[in-house]
Amino acid sequence: MIHIAERSYYEELNKRLRQYDVVLYELVAPEGTRVTPGTRSAHPVSVIQRSMTDFLGLVFQLDAIDYQRPNFVHADMSPEEFTRSMEEKGENLWTMFFRAFGYEFARSQTRQSGSNDLDFLRALFSKDRQLEMKRLFAEQLAEDVEGQIRAIEGPQGSTLISGRNEKVLEVLREQIAEGHCRIAIFYGAGHMYHFHERLLELGLVPVKTKWLNAWDLREPSGTTEN
């Protein structure tokens, strides 16, 4: 999933998630934490995400997904586990930032940055700024996602992605042992590359792929593009 999106996207996800025996969800919080509507976090990533929802006219996941349903199971690290894992790997938020920044900087050298800057300015001062900024950010998000994730992961794997994924796989095994068969792993898109590899190793086989529209990039009805 994506953490900021149209409300209709989360409404569709709420419908689909009701169909599962168990939904394993992400949230770095004490074990068993249940998200309540309006939950706020002081974590820098959460603050940035909420700022982006306002800027792009979107909705934040924690405000739209129904985490109170009985089939939802917390499957993530506690803050203590997260901190301990980062210490063991010699990580901190700055190391991950510089991995991502270094990768993006290297990629930027192969692009014409001037045109990208001009696109940003055009979108920023457009009469429909939210739509144009969504289009611009969507294009950037779609570029080499797996490469960006590999950069954050580094050679040993990061706490943020693979470390937390392994925690999910522990909970997955527990839920399978309890007899549950229809199980959802409800995590952000950045985790999917590693999950795909690990689930194949466990003997699971992909059957089909279904995409949902997260952002509406169409012109509003009744208007035409210039």
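Nothing fancy with the numbering, it's 1 onward along the sequence.
Residues that satisfy the side chain to side chain contact (heavy atoms under 4.5 Å, CB included) test with Pro70, not counting sequence neighbours, are absent from this structure. By the side chain to side chain donor-acceptor pair (under 3.5 Å) test, Glu80 pairs with Ser78, sequence neighbours left out. Checked against salt bridge (charged side-chain N to carboxylate O under 4.0 Å, His left out), Glu201 has the following partners two or more places apart in sequence or in another chain: Arg198. The side chain to side chain donor-acceptor pair (under 3.5 Å) test applied to Tyr187 returns Asp76, not counting sequence neighbours. Applying the side chain to side chain contact (heavy atoms under 4.5 Å, CB included) criterion to Asp66, with sequence neighbours excluded, gives Asn14, Gln68, Arg69. Under the side chain to side chain donor-acceptor pair (under 3.5 Å) criterion, Glu197 pairs with Tyr193, sequence neighbours left out.
Listed by first then second residue, pairs satisfying salt bridge (Lys or Arg N to Asp or Glu O under 4.0 Å) with a partner in residues 171-181 number zero, not counting sequence neighbours.
Taken to the nearest 0.5 Å, the OG1 atom of Thr83 stands 11.0 Å off from the CD atom of Glu88. A distance of 7.5 Å separates CH2 of Trp215 from CZ of Phe137, quoted to the nearest 0.5 Å. Taken to the nearest 0.5 Å, the CG atom of Leu199 stands 7.0 Å off from the CG atom of Leu172. Taking CZ from Phe60 and CG from Asp54, the interatomic distance works out to 11.0 Å, rounded to the nearest 0.5 Å. Distance check: Leu169 CG to Ile185 CD1 gives 6.0 Å after rounding to the nearest 0.5 Å. Remark: Gln130 CD to Leu56 CG distance equals 7.0 Å, nearest 0.5 Å.
Using a 4.5 Å cut-off on side-chain heavy atoms (C-beta onward), His194 and His191 make no contact. With contacts defined as side-chain heavy-atom distances shorter than 4.5 Å, the pair Thr53/Phe55 does not qualify. Using a 4.5 Å heavy-atom cutoff, the side chains of Phe72 and Leu17 are in contact. Leu131 has its side chain within reach of Glu219: a pair of non-hydrogen atoms, C-beta onward, lies under 4.5 Å apart.
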Which pairs would a plain distance check flag for residues 21-30, meaning a side-chain donor or acceptor within less than 3.5 Å of a matching protein atom at least two apart in sequence or in another chain?
residue : atom : partner : partner atom : Å
Asp21   : OD2  : Cys181  : N            : 3.2
Asp21   : OD2  : Arg182  : N            : 3.0
Tyr25   : OH   : Thr33   : O            : 2.1
Glu26   : OE1  : Arg164  : NH2          : 2.9
Glu26   : OE2  : Gly188  : N            : 2.7

Identify all side-chain donor-acceptor contacts of residues 1-13 below 3.5 Å with residues at least two apart in sequence or on another chain.
residue : atom : partner : partner atom : Å
His3    : ND1  : Gln61   : OE1          : 2.5
Glu6    : OE2  : Lys134  : NZ           : 2.6
Glu6    : OE2  : Asp216  : N            : 2.9
Tyr9    : OH   : Ile2    : N            : 3.3
Tyr10   : OH   : Ile2    : O            : 2.9
Tyr10   : OH   : His3    : O            : 2.9
Tyr10   : OH   : Ile4    : N            : 3.2
Tyr10   : OH   : Ala5    : N            : 3.4
Glu12   : OE2  : Arg16   : NE           : 2.9

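Hydrophobic clustering, with ILVMFWY side chains joined whenever heavy atoms are under 4.5 angstrom apart, groups Tyr20 together with Leu212. In the hydrophobic cluster analysis, where Ile, Leu, Val, Met, Phe, Trp and Tyr join through side-chain heavy atoms closer than 4.5 angstrom, Phe195 is grouped together with Ile183. Residues Met192 and Leu202 share a single hydrophobic cluster, defined by chaining ILVMFWY side chains whose heavy atoms lie under 4.5 Å apart. Criterion: ILVMFWY side-chain heavy atoms under 4.5 Å apart, direct or through other members. Under it, Val171 and Leu204 are part of a common hydrophobic cluster.
Using modelled atom types, no side-chain atom of Asn165 and backbone atom of Leu160 make a donor-acceptor pair closer than 3.5 Å.
Taking every heavy atom of both residues into account, Gly32 and His74 meet most closely at N-ND1, 3.2 Å. Nearest heavy-atom pair across Val168 and Ala75 is CG2-O, 3.2 Å.
Comment: Arg135 engages Glu132 in a salt bridge, judged by a side-chain N to carboxylate O separation of less than 4.0 angstrom.
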